[in-house]
Amino acid sequence: MRWGEVIGRTTATVKHASLEAQRLILVQPLDAGSAAEGDPMVVIDAVGSRHGDRVLMTSDGRSVRKLLNDDTAPARWAIIGIIND
Amino acid sequence: MRVAEVIGNVTLSTCHPSLVGATWLIAVPLSAAGLDGKQDGRGESLVLLDEQRAGHGARIAVAEGPEASNPFRPQLKPIDAYNTAILDSVEFV
Amino acid sequence: MFMARITGSIVSSQKVESMVGQKLLIVEPLRLNDKARAKLNSTGRTFIVVDTVGAGEGEVVLCVQGSSARFTEQTEKLPIDAAIVGIVDQVHVGNHTVPIPN
């Protein structure tokens, strides 16, 4: 699992069918010292996170496919929690 | 997934039988600076399989890793990068 | 997936059973030069890959890495993390064709 900050969102009309009606959130992964680490990521959001939230993300592809209820979803990362201030 | 910008395409003369007919794009992943429109902030190019028909210059969400081949289950395809979505907008602050 | 040029091969007589009969090649990943993106240059790195298409030394190939390298019938049970899955014919960037290095 990793954590990061919600920095934006994306919209897509043309996408893999498994992502229909999904929110695709832009998250900047952070290191232990809250500095940006790596490129921003597009992730599935299961908890309704908002801009500026610190969020917990999982890379467990199986649970993400379960979340989307679709075994063919080409996704591995999802937001599974909002971190308290 | 990362956001990447499509810069080109690749054709193959020979390929693994499971990949016949596939379309291959070249894209550069965008860092926060790249998303912000800066010319640097573009990473090393990668090749990905495209089924969404993304055009040159499009911003796409790229699945990287074993999940890239999920769309073809239960078939096995040796793919580690897949165009998941053509992004209409990237709202970014 | 990445493009790479085949620069050599590896011969190993003593190896795990599952790898018997597998062709092992040495490849150097290529990258588009920074600004014009008009040339493919070697990155200077090397990978050892299993060949699934009958590629030969000097050819530019498309490689898959990570556990996806096992997603073929040939490689499903192999202890590998990279494979060649295609031979590159043409590369287009913007409106120009990028020469394939030989």
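First the proteins, then the strands, lettered A, B, ... as listed; each starts at 1. Worth knowing before you read on, the calculation uses all heavy atoms, side chains too, and leaves out hydrogens, waters and symmetry mates.
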| Hey, does C:N95 have a side-chain heavy atom less than 4.5 Å from the side chain of B:H56? | no

Charged N to carboxylate O below 4.0 Å: is that the case for B:K77 and C:E73?
no

**OP:** Kindly say whether C:I87 contributes a backbone atom to a donor-acceptor pair with the side chain of B:T14 at under 3.5 angstrom?
**Re:** no

Taking every heavy atom of C:V53 against every heavy atom of B:C15, the minimum-distance pair comes out as CG1-C, 3.7 Å

Under 4.5 Å to a heavy atom of chain B? For C:T75 that would be neither

TODO: Please tell me if the side chains of C:Q90 and B:V10 come closer than 4.5 Å, counting only heavy atoms from C-beta onward.
DONE: no

- Query: Can you find a pair of side-chain heavy atoms, one from B:L46 and one from C:M1, that are under 4.5 Å apart?
  - Reply: no

Among B:L48, B:L12, B:V6, the residue with the most heavy-atom pairs under 4.5 Å to chain C is B:L12

Review point. Quick one: are C:V93 and B:I26 in side-chain contact, heavy atoms under 4.5 Å?
Key: yes

Is any side-chain heavy atom of B:I79 closer than 4.5 Å to a side-chain heavy atom of C:S68?
no

Turns out that what part of B:L19 lies under 4.5 Å from chain C's heavy atoms comes down to side chain

| said: With heavy-atom distances below 4.5 Å as the criterion, would you say the side chains of B:W24 and C:L62 are in contact? | reply: yes

Residues of residues 58-67 of chain B with a heavy atom under 4.5 Å from any heavy atom of chain C, in residue-number order, are B:G65, B:P66

Under the criterion side-chain contact (heavy atoms from CB on, under 4.5 Å), I'd like the reasoning laid out for B:N9 against C:V91: C-alpha separation, chi angles, the key distance, then a yes or no. CA-CA 6 Å; B:N9 71 288; C:V91 176; over 6 Å; no

So, the part of B:V28 with a heavy atom under 4.5 Å from chain C: the answer is side chain

ask   = How far apart are the C-alpha atoms of B:E44 and C:R37, what are their side-chain angles, what is the distance that settles it, and do they pass the salt bridge (charged side-chain N to carboxylate O under 4.0 Å, His left out) test?
value = CA-CA 11 Å; B:E44 202 164 295; C:R37 293 173 178 155; over 6 Å; no

Most heavy-atom pairs under 4.5 Å with chain B, out of C:T72, C:V60, C:T52, C:V98, belong to C:T72

Applying a strict 4.5 Å limit to non-hydrogen atoms, the region of B:S45 in contact with chain C is side chain

Fill in: B:R73 CZ: over 12 foreign heavy atoms closer than 6.0 Å
yes

Any side-chain to backbone donor/acceptor pair from B:D80 onto C:Q65? Under 3.5 Å, distance only.
yes

When the 4.5 angstrom heavy-atom criterion is applied to C:E76 and chain B, the contacting part is side chain

